[in-house]
Amino acid sequence: MAPTMSKAREAGRPSLRDTLIPASPSRRWRVSLFCIATLVLLYNMLFSRTIASLATTLSLTFALPTPSEGDVHNAELPWQTSGSDNSAGNWFYEFQNALASMQDTSFWSGYDWDSIQWISAFLNTLLGATDRSLTEILVEYDGNIPGSYISGPTIDGEISRYYSQMKAFYGSEDTVQIFDAAYDDAQWVVLEWIEAIKFVNEYEEYNSGSRSQDDIRRFAHRAHVFYNIVQNEFDTSLCGGGITWNPALEPYKNAITNQLFMASSIEMYLHFPGDYNTDPYPSANYSSETNTTLPPLTFMQPHDPLFLDNAIEEYEWFKTQNFTNEQGLIVDGFHISDGQTSCDKRNEMVYSYNQGVILSGLRGLWEATGDPSYLSDGYDLIDTVINATGWNAQNAEEASQWAGLGRNGIMEDYCDAPANCSQDAQIFKGIYFHHLGIFCEPLPTTTPLVDGLTVLADGDLADAHSSNCDSHTSWVTHNAHAALSTRNQDNVIGGWWGANHSNDTTQSATLDMAVPIPQGSWDERNSPEVLSQAPWACRNGCRQAGQFSSGANAQPRTELTIRSQKRDVNGGGRGRTVETQGSGVSVVKAASDFTRKRPAR
Ligand SMILES: *[C@@H]1O[C@H](CO)[C@@H](O)[C@H](O)[C@H]1NC(C)=O
Ligand SMILES: *[C@@H]1O[C@H](CO)[C@@H](O)[C@H](O)[C@H]1NC(C)=O
Ligand SMILES: *[C@@H]1O[C@H](CO)[C@@H](O)[C@H](O)[C@H]1NC(C)=O
Ligand SMILES: *[C@@H]1O[C@H](CO)[C@@H](O)[C@H](O)[C@H]1NC(C)=O
Ligand SMILES: *[C@@H]1O[C@H](CO)[C@@H](O)[C@H](O)[C@H]1NC(C)=O
Ligand SMILES: *[C@@H]1O[C@H](CO)[C@@H](O)[C@H](O)[C@H]1NC(C)=O
Ligand SMILES: *[C@@H]1O[C@H](CO)[C@@H](O)[C@H](O)[C@H]1NC(C)=O
């Protein structure tokens, strides 16, 4: 147990529930001060909007922000500049500011985001990860990041505010719809509620609390219901293994579904507390809405070996399947030609999120097994991805050329410059940075993450991990700066982070910067109409999407039909949406986490 933690305990930190009631008198003055500061800030954001003026406001109000030690290097190369203030305090401020723009606007209303279900599940995961970061700040700094004006009691308030929003979303999540969607969709829900469980456990450990156990039970049950959809779907009859994307389409074994299976299986293994509730329905309305009866769920113990076996088997298969292109980037997936059983037809399309989810899976596999090769595979992939943004170019001209996943050191998806990303693709870069962040959490050296189950790192490995991840800090802050430089007058971050480098602050389509997609690829995530054609469309009596859906009304629900069921906020073009803001929040959060030195526990 870290000394700071016991100190915090003595100080009698409130429980999650306590933080929802008004602050005690001893804290009131500090809270009021913060409220005044917030009002000044809001005023400033509304009427002047520049960071410079915000900084002026802050220093007038508090005279606090000073650059902290441990700043990352200030690269001299023009495509590697990452702004003047890379202090942890400044990035924490930017993170809070970006998050407030996502949560305090019409993007979040009626206990839901203005998005589609799987993306909302990811945004809720991001809130859980945010509350974990805030908890770490309480543990490590007693809430006072050097150079930041935000203090402990305020952070407690933030934590409970975002936690209330997560719980509100628990109630409004459209579980019926996402239950019958594709196999990737279900797993975003698993990761979402496991992240919430991780947060509650970490907060209550810090706090010596145990008053949110009912919440944990509910979260665990939802994770169980959704993991059950994929639990037995690893199928060796085609391609030697893997899970297909969408049972309503021809078999397509894609990177995301299988990376998610690694990640959701290992997260379940490590953090699922067990669930003895056998109610199989995602919602009380499911039966009446779908006319479907489901068999009861099977009991799942905490740390059931099935979860670990699934994760290991999945990654073994993933490696043998060669999902990487010549550059080492992970391609989207494989079709199976008529009359074949092997994955013989590769889709060369490269998306940013396919480079990300695997990282948290690898991290979890190390935690469970102690095998360092999982971490090495992660380091290699991160290096490949950073290089594919042009970060290591020799000169400005070379840096400005497309390098596989961006240019000028900034991550881009193919759809970014021509401004024709789908709603799905607008969140991809945010997913990348979230999973990079999980991978780069310090390795435990003194306290196992899960008693008796997870391994400890020796000092050398923990140091090597930290220095490997720290070496990427300037790339992360460079990307966060790029994202912030796309903000419009309403403080909303745009989708194409590289826009500023072509002086396109409007984020309108810049066709002369568009890059053709790789040879031999289908861009199905941005052109969903291809799903109604070969080789995607179901010709041979594919199974219904959703394990048990049946009945005349149960049309196969492809992602295509799901999208049309809810208003697409992106309309005809890309625009700025909760998805572009969410990706921005994720990269700025990563900048905050990377610049804050996090000691091994
Ligand atoms: C269930 O259906 C009722 C009536 O249609 C509706 O009012 C309620 O919000 C639904 N509940 C859920 C959890 O979907
Ligand atoms: C469920 O089945 C009943 C009887 O077959 C039918 O009348 C009803 O319309 C169905 N409901 C839905 C939502 O399909
Ligand atoms: C995987 O495929 C790529 C692209 O065809 C190829 O360059 C690479 O050598 C392959 N890797 C392995 C391990 O076979
Ligand atoms: C880095 O990216 C460049 C393209 O920008 C490529 O030519 C080079 O081979 C890559 N190097 C590594 C180590 O991946
Ligand atoms: C990008 O935007 C910032 C302001 O947000 C500006 O200072 C900078 O010069 C712009 N250009 C580049 C290439 O970063
Ligand atoms: C953007 O504008 C700046 C200043 O006007 C100029 O120096 C730079 O070359 C421009 N960059 C591009 C890519 O057009
Ligand atoms: C996006 O626009 C570019 C440039 O016009 C085009 O090459 C690409 O096919 C478009 N992609 C989609 C998904 O429409």
Side-chain angles (χ1 to χ4, degrees), residues 116 239-242 253-256 258-259 315-337 342-355 358 362 373-374 376-378 380-381 383-385 387-388 401-407 412-429 494-499 502 504 506-533 536 558-560 563-564 568-575 577 579-580:
I116 44 179
C239 311
K253 302 230 171 170
N254 62 351
I256 197 61
N258 286 283
Q259 293 185 9
Y315 188 53
E316 287 305 312
W317 173 77
F318 195 86
K319 275 191 300 191
T320 59
Q321 193 55 47
N322 191 11
F323 267 90
T324 51
N325 67 14
E326 266 174 27
Q327 219 183 331
L329 294 169
I330 294 174
V331 300
D332 192 62
F334 289 89
H335 297 282
I336 299 153
S337 300
S342 66
C343 273
D344 60 336
K345 206 190 274 183
R346 196 160 97 149
N347 178 1
E348 298 290 336
M349 189 62 197
V350 171
Y351 297 113
S352 57
Y353 80 151
N354 281 334
Q355 324 304 318
I358 191 171
L362 289 168
S373 70
Y374 292 121
S376 318
D377 290 357
D380 290 348
L381 179 60
D383 287 344
T384 299
V385 165
N387 188 49
Q401 303 303 308
W402 182 255
L405 199 61
R407 56 200 137 191
E412 288 181 45
D413 277 298
Y414 282 93
C415 58
D416 279 331
N420 54 15
C421 292
S422 67
Q423 192 166 3
D424 290 341
Q426 284 188 317
I427 199 67
F428 285 176
K429 296 189 297 294
W496 180 28
W497 299 346
S502 70
D504 180 5
T506 63
Q507 297 268 307
S508 55
T510 308
L511 294 183
D512 58 338
M513 298 279 284
V515 176
I517 60 176
Q519 284 262 310
S521 61
W522 291 265
D523 181 8
E524 85 283 354
R525 305 313 309 261
N526 292 301
S527 310
E529 61 277 7
V530 303
L531 301 181
S532 57
Q533 304 150 19
W536 310 87
T558 64
E559 304 231 330
L560 190 61
R563 190 171 291 111
S564 64
D568 183 340
V569 291
N570 297 316
R574 181 183 49 182
T577 63
E579 292 83 19
T580 63

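Values below: every heavy atom of this structure, side chains too, minus hydrogens, waters and symmetry copies. One-based numbering, in listed order, for ligands and for the atoms of each. Note that the structure is predicted; figures quoted are calculated from it, not measured.
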Next item on the list: Please test N258 against Q321 for side-chain hydrogen bond (donor to acceptor under 3.5 Å, both in side chains), starting from the C-alpha separation and ending with a verdict.
Entry: CA-CA 11 Å; N258 286 283; Q321 193 55 47; over 6 Å; no
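- Taking the side chain as every heavy atom from C-beta outward, Y315 and D377 approach each other to under 4.5 Å.
- Atoms of ligand 7 lying under 4.0 Å from at least one heavy atom of N420, given by number and element, are 1 (C), 2 (O), 3 (C), 8 (C), 10 (C), 11 (N), 12 (C), 14 (O).
- Y353 is linked by a ring-ring contact (aromatic ring centres under 6.0 Å, His included) to F428, counting only residues two or more places apart in sequence or in another chain.
- Between Y351 and the options D413, D424, D523, a side-chain hydrogen bond (donor to acceptor under 3.5 Å, both in side chains) holds for only D523.
- No side-chain donor from either of D512 and T510 sits under 3.5 Å from a side-chain acceptor of the other.
- Remark: R525 does not engage D332 in a salt bridge, criterion side-chain N to carboxylate O under 4.0 Å.
- Considering backbone and side-chain atoms together, S527 places no N or O closer than 3.5 Å to any N or O of ligand 7.
- Contacts of I517 with ligand 7, taken as heavy-atom pairs under 4.0 Å, are absent altogether.
- Those atoms of ligand 7 with a heavy atom of N526 less than 4.0 angstrom away are 13 (C).
- Two residues are said to be in side-chain contact when any heavy atoms from C-beta on lie closer than 4.5 Å; L381 and I330 meet this criterion.
- Scanning all heavy atoms of the two residues, the minimum distance from G575 to T580 falls at O-CG2, 3.7 Å.
- Under the 4.0 angstrom criterion for non-hydrogen atoms, C415 is not in contact with ligand 7.
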Tabulated below should be the N or O atoms of ligand 3 paired with protein N or O atoms at under 3.5 Å; can you produce that?
unit_1, atom_1, unit_2, atom_2, d
ligand 3, 2 (O), N322, ND2, 2.4
ligand 3, 2 (O), T324, O, 3.2
ligand 3, 11 (N), N322, ND2, 2.9
ligand 3, 14 (O), N322, ND2, 3.3

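- Heavy-atom proximity to L511, at under 4.0 Å, picks out these atoms of ligand 7: 4 (C), 5 (O).
- The two residues D416 and C421 have their closest heavy-atom pair at OD1-SG, 3.4 Å.
- Short contacts between ligand 7 and D523, defined as distances under 4.0 Å to a heavy atom of the residue, involve ligand atoms 13 (C).
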